[in-house]
Amino acid sequence: MERYVAFLRGMNLGGRRIKNEELRAEFEALGFADVACFRASGNVIFAAEGGEEAVLTERIEAGLGEALGYEAPVFLRGAAELRAIAAHEPFDTSARNASKGKLQVALLLDEPSAAARKEALALATDDDRLASEGRELYWLPSGGMSESDLDLKALAAILGPTTIRTMGTVGQIAAKHFGG
């Protein structure tokens with residue numbers, strides 16, 4: 001069995017409410033093992049027989065869509081990929097120390113093309129630093145996310161759907177559930 005984390009987009013926002021216990025039960029009903037939820041924001045850790053990521057993602061999205069009555073986009077990462085994301089340091093220490101904001105990780109469905117990556121990174125400013133690695137876009141805002149002028153809709157138009165977590169959350173999931 002391989003371990004994965006499913007980052008679900010839009011959980012517990014607006015009318016999309018589900019308790020961690022219910023979410024865990026839905027994943028178990030889909031046949032996954034060792035299911036755990038981390039915080040109430042759609043972070044589900046589970047074990048599954050090895051398989052293609054696209055097949056697992058489709059299985060989760062279809063099952064949750066039927067059970068919840070709405071789409072629940074899934075950004076799936078395996079153990080090694082999650083540990084690499086948690087260990088990545090996209091910005092130097094001076095930039096991190098100068099920022100009052102929390103380092104954010106935007107998880108993407110696919111690795112962007114070189115042209116899309118370049119276009120997305122062109123949206124960076126001194127107040128909103130951006131870096132890209134693999135299927136992640138790292139964002140270091142100078143303050144809180146709500147204070148930022150970064151155009152998240154423009155990023156989505158360039159990169160496709162995303163779901164955002166703090167690097168702290170990603171690191172805590174890696175440490176607690178993936179030995180990283």
Asker: Run the side chain to side chain donor-acceptor pair (under 3.5 Å) test against Ser94 and tell me which residues pass, sequence neighbours left out.
Answerer: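 Partners of Ser94 by the side chain to side chain donor-acceptor pair (under 3.5 Å) criterion, ordered by chain and then number, come out as Asp92.
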
Asker: Check whether more than 12 heavy atoms from other residues, nucleotides or ligands sit under 6.0 Å from atom CD of Glu28, and answer yes or no.
Answerer: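 Yes, the 6.0 Å shell around CD holds more than 12 heavy atoms from other groups.
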
Asker: For Ser99, what residues pass the side-chain contact (heavy atoms from CB on, under 4.5 Å) criterion, not counting sequence neighbours?
Answerer: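 Checked Ser99 against side-chain contact (heavy atoms from CB on, under 4.5 Å); matches are Leu140.
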
Asker: Write down the atom of His177, the atom of Ala36, and the distance for their closest heavy-atom approach.
Answerer: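 Result for this residue pair: CE1-CB, 3.8 Å.
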
Asker: Would you mind listing every side-chain hydrogen bond (donor to acceptor under 3.5 Å, both in side chains) that reaches into residues 143-154, with sequence neighbours excluded?
Answerer: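 Every pair satisfying side-chain hydrogen bond (donor to acceptor under 3.5 Å, both in side chains) with a residue in residues 143-154: Asp128-Ser148.
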
Asker: To the nearest 0.5 Å, tell me how far Arg96 CZ sits from Phe91 CZ.
Answerer: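 Result: 9.5 Å between the selected atoms.
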
Asker: To the nearest 0.5 Å, what is the distance between CG (Leu155) and CG (Leu130)?
Answerer: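 These two atoms lie 6.0 Å from each other.
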
Asker: Do Arg77's NZ or CZ and the ring of Phe7 fall within the cation-pi criteria of under 6.0 Å and 45°?
Answerer: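 No, Arg77 does not sit over the ring of Phe7.
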
Asker: Looking only at non-hydrogen atoms, find the nearest pair between Leu121 and Ser132 and report the distance.
Answerer: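 Where Leu121 meets Ser132 most closely, the heavy atoms are CD2-N, 4.0 Å.
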
Asker: Flag the pair Gln104 / Met167 as yes when at least one side-chain heavy-atom distance between them is below 4.5 Å, and no otherwise.
Answerer: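 They are not in side-chain contact.
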
Asker: Which pair of heavy atoms, one from Leu109 and one from Pro161, lies closest together, and at what distance?
Answerer: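 Closest pair (atom of Leu109, atom of Pro161, distance): CD1-CG, 3.9 Å.
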
Asker: Is the shortest side-chain heavy-atom distance between Lys19 and Arg24 below 4.5 Å?
Answerer: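 No; the side chains remain at least 4.5 Å from each other.
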
Asker: Taking all non-hydrogen atoms of both residues, which atom of Gly134 and which atom of Pro112 are closest, and how far apart?
Answerer: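 Closest approach of Gly134 to Pro112, heavy atoms only: O-CD, 3.5 Å.
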
Asker: May I ask you to list the residues sharing a hydrophobic cluster with Val44, side-chain cutoff 4.5 Å, ordered by chain and number?
Answerer: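 Direct or chained contacts put Val44 with Tyr4, Leu8, Met11, Ile18, Leu23, Phe27, Leu30, Phe32, Val35, Phe46, Leu56, Ile60, Leu64, Leu68, Tyr70, Val74, Leu76.
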
Asker: If you look only at pairs with a residue in residues 31-55, which of them pass as a side-chain hydrogen bond (donor to acceptor under 3.5 Å, both in side chains), with sequence neighbours excluded?
Answerer: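 Every pair satisfying side-chain hydrogen bond (donor to acceptor under 3.5 Å, both in side chains) with a residue in residues 31-55: Arg39-Thr169, Arg39-Gln172, Ser41-Asn43, Asn43-Arg165, Glu53-Arg135.
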
Asker: Side-chain contact, heavy-atom cut-off 4.5 Å: Ile45 with Phe38?
Answerer: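 They are in side-chain contact.
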
Asker: Are any of the side-chain heavy atoms of Thr162 and Leu107 separated by less than 4.5 Å?
Answerer: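 Sidechains of Leu107 and Thr162: no contact.
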
Asker: Do Phe75 and Arg9 make a side-chain contact, defined as non-hydrogen atoms from C-beta onward lying under 4.5 Å apart?
Answerer: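 A side-chain contact exists here, since the closest heavy-atom pair is under 4.5 Å.
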
Asker: Among Ile, Leu, Val, Met, Phe, Trp and Tyr joined by side-chain contacts under 4.5 Å, find the other residues sharing a cluster with Val55 and list them by chain and number.
Answerer: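 Noted: Val55 shares its cluster with no other residue.
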
Asker: Drop me the distance from Met145's CE to Leu152's CG, to the nearest 0.5 angstrom.
Answerer: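 Answer rounded to 0.5 Å: 6.0 Å.
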
Asker: State, with a plain yes or no, whether a side-chain heavy atom of Trp139 is found less than 4.5 Å away from one of Leu150.
Answerer: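 SC-SC contact between Trp139 and Leu150 confirmed.
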
Asker: Under a 4.5 Å cut-off applied to non-hydrogen side-chain atoms, are Ile85 and Val105 in contact?
Answerer: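 Ile85 reaches Val105 side chain to side chain.
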
Asker: Below 4.5 Å, heavy atoms only, C-beta onward: do Leu103 and Pro90 meet side chain to side chain?
Answerer: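 Yes. Closest side-chain heavy atoms under 4.5 Å.
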
